[in-house]
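Computed from heavy atoms alone, side chains included, the values below leave out hydrogens, waters and symmetry copies. Residue numbering restarts at 1 for every chain, and letters A, B, ... go by the order of the sequence lines.
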Amino acid sequence: MLRTEEITLNMGPQHPSTHGVFHVVLKMDHEVITEARPICGYLHRGIEKLAEARTYTQFIPYTDRLDYLAAMLNNTGYVQAVEKLMEIEVPERAEYIRVICCELSRIASHLIAVGTYSVDIGGITGFMYCLRDRERIMDLFEMVCGSRLTLSYMRIGGVAEDLPDEFIPALCQFLDEMPSRLDEYDGLITGNEIFQARTKHVGLLDPGVAINYGISGPNLRASGVFWDLRKNRPYSVYDRFDFEVPLGKRGDCFDRFTCRIKEMRQSLKIIRQAVEQLPEGPVMAKVPKVLKPPAGDVYHEIEGAKGILGYYVVSDGSNKPYRIHVRRPSFINLGFLNELCKGWKIADVVAILGSLDIVLGEVDC
Amino acid sequence: MPGSSIPSTVIDGLKDKFPAIEVSENLTITVPEAELLSFMRELRDNPDYDFNFLTNLTAVDYPDNFTVIYNLVSFKYGYTLMAKVNLGKDEPAVSSLTSLWGSADWQEREVYDLFGIIFTGRHNLTRILLEDGFAGYPLRKDFQWVGGRE
């Protein structure tokens, strides 16, 4: 009789499919995964500790470096938490500008998710096409705030500056062209036979289990759970827009992927409405130069690109936060990886991990 | 800014069942450590509130005590609830909620890693972000570090 034994294989920390410095220790019986133990922390910078030695405004650039693929959303979650704590009312124009920028950020993040997922499954071309369109969003952000990746555009009380004149025409052109680009992805990636064979019915996530494990965002909605904070607990001005929340049926890798493609279409719809309704007026509320929120704490959540993004801010009445904690969706979504990989083949691990769309800056914080 | 958004009738019902809990002005509920597990089980299992989603779990190091913070959400009713447990400064320990919510697993490990708070009644309470041999708990206020801006 042939002797068999369990094999241990290290995936990462240097591995292109882990989307950053992330390490999974795989235990396998032949090709079947019996345990996938995630090891994170390679990118831990102690951002929550650093916050305690910064002022409230100085912390904004650090939020960019959490989920660096969707910096606008990270900025927004944080400044809204502080605004809630200080009871600052943000001018309406600033709210609309925030919505436009946040949804652009969501599209940019989903484009990376979709593109890198295509590479993970073996289609390099899809990645190139996605980056081509993400580049245009980067250009739009450059117009708005001068930066392309780490934007720091949001301020406590509004946004840093009003939109430049050339922004709206460039944005409208992007909005006009993007739907046909999404059709292109559907043809190039979604409709690809190999892609479907690798992702359909793979890595099934039960809705009840997903809720129990705190999984959120497109990963949760792909399992058919209707939970999108823009709809369920509208913040900012999201209650004024007409859009749908795409849901999946099976909760497999394919559903998680297609949810993101569909969400991009909805984001385009939101941006178009925001541009139409965009009011005139100031973009910054009257806030004191030195911010000293009253002693107390606040927890605020927004719908980030990867899931529910929450900020817990504690103030002791001074100009520096006593404590800031970030509920990072990628970190919590990753907590279920072991259970999700068990019983699948080694080739499926890449498909499953890619479908969760994690970003390590956010996992490790 | 309220810590929770739940009807006052629900709060009153909880007070009747758990007389030891304290409800602050902004609807944050402080639970004695001994009752935490039964209180949380009630929140999760009672169909009147149905708090099925433990969204956030973290801690704060205050001068006199550690506080562990739990943020719960009920998908069915849209309620949110913030609960707190105060722990002593010496060898802080609190019951683990991993038996109720899977999302507690990694978040408790993170709090253990950065604060040194022990979660009892669970397995695999190990560091998650820092390396295993790391000395100290960085998010404690008495942690000595370089790179500040003083």
Side-chain angles (χ1 to χ4, degrees), chain A residues 37-44 46 48-50 52-55 58 81 83-87 208-216 220 225-227 229 232-233 296-301 308 310-312 314 316 320 322-328 331-336 338-339 363-365, chain B residues 1-5 24-26 28 44 52-63 67 69-71 73 75 78-82 84 98 100-111 113-115 124 126-132 134 137-141 143 145 147-150:
Chain A
R37 187 160 57 90
I39 300 171
C40 49
Y42 289 94
L43 209 61
H44 179 63
E48 291 179 2
K49 185 71 180 176
L50 291 169
E52 294 170 11
R54 305 289 184 276
T55 65
Q58 280 173 345
E83 284 157 7
K84 213 166 155 185
L85 190 63
M86 298 184 71
E87 292 173 356
V209 175
I211 292 170
N212 189 270
Y213 272 83
I215 291 166
S216 54
L220 179 64
V225 182
F226 188 100
W227 192 257
L229 291 180
N232 296 72
R233 203 192 303 152
D297 61 347
V298 70
Y299 180 64
H300 180 70
E301 283 182 339
I308 295 170
Y311 282 88
Y312 179 65
V314 182
D316 60 355
K320 289 173 186 167
Y322 188 77
R323 164 108 173 93
I324 289 179
H325 171 70
V326 192
R327 184 229 193 260
R328 291 109 55 204
F331 177 72
I332 294 170
N333 289 348
L334 201 53
F336 193 60
N338 181 21
E339 300 293 323
V363 171
D364 292 342
C365 185
Chain B
M1 58 300 133
S4 314
S5 72
S24 76
E25 226 172 275
N26 69 352
T28 303
R44 189 192 70 159
N52 53 354
F53 195 77
L54 172 71
T55 175
N56 182 44
L57 192 167
T58 187
V60 183
D61 179 8
Y62 287 110
T67 303
I69 293 108
Y70 302 92
N71 290 96
V73 181
F75 279 12
Y79 300 160
T80 63
L81 184 143
M82 192 195 279
K84 292 182 180 178
T98 44
L100 301 176
W101 291 285
S103 55
D105 184 7
W106 274 37
Q107 300 196 70
E108 285 179 354
R109 281 179 65 190
E110 190 190 9
V111 170
D113 192 0
L114 304 175
F115 283 94
N124 192 28
T126 50
R127 289 196 182 268
I128 188 163
L129 294 174
L130 304 171
E131 73 252 44
D132 293 338
F134 192 87
Y137 302 103
L139 281 181
R140 288 190 180 185
K141 290 286 179 183
F143 183 80
W145 61 300
R149 286 201 176 163
E150 298 302 329

Minimum side-chain heavy-atom gap B:Thr55-A:Tyr299 below 4.5 Å: yes
Within the 6.0 Å centroid threshold, strictly below: A:Phe226 and B:Phe75: no
A:Arg37: partners by side chain to side chain contact (heavy atoms under 4.5 Å, CB included), with sequence neighbours left out: A:Val25, A:Glu35, A:Ile39
Minimum heavy-atom distance between B:Phe53 and A:Ile215, given as atom pair plus value: CE1-O, 3.7 Å
Region of A:Ile308 that comes under 4.5 Å of a non-hydrogen atom in chain B: side chain
Interface moiety of A:Glu301 toward chain B, non-hydrogen atoms closer than 4.5 Å: side chain
Rounded distance (nearest 0.5 Å) linking atom NZ of A:Lys49 with atom CZ of B:Arg140: 11.0 Å
N/O donor-acceptor pair under 3.5 Å between A:Arg327 side chain and B:Thr58 backbone: no
A:Val225 portion near chain B, given a 4.5 angstrom heavy-atom threshold: side chain
Portion of B:Asp105 that has a non-hydrogen atom of chain A nearer than 4.5 angstrom: neither
Side chain proximity check, B:Leu129 to A:Asp364, heavy atoms < 4.5 angstrom: yes
Residue among A:Phe336, A:Tyr42, A:Tyr312, A:Tyr322 with most heavy-atom pairs under 4.5 Å to chain B: A:Tyr322
Residue A:Leu220 versus chain B: region with a heavy atom under 4.5 Å: side chain
Which atoms of B:Glu110 approach chain A - backbone, side chain, both or neither, heavy atom under 4.5 Å: side chain
Contact check, side chains of A:His325 and B:Ile69, non-hydrogen atoms, under 4.5 Å: no
Region of A:Asn212 in contact with chain B, defined by heavy-atom distances below 4.5 Å: both
Structural part of B:Leu100 lying under 4.5 Å from a heavy atom of chain A: backbone
Option that, when pairs with chain A are counted at under 4.5 Å, heavy atom only, ranks first among B:Leu57, B:Leu114, B:Val73: B:Val73
Mutual orientation of the aromatic rings belonging to B:Trp106 and A:Phe331 [parallel < 30°, tilted 30-60°, perpendicular > 60°]: tilted
Check: A:Tyr213 side chain, B:Ala104 main-chain N or O, donor-acceptor pair, under 3.5 Å: no
4.5 Å side-chain heavy-atom contact, A:Arg323 and B:Asp61: no
Chain A contact via B:Leu130 - side chain, backbone, both or neither, heavy atoms under 4.5 Å: side chain
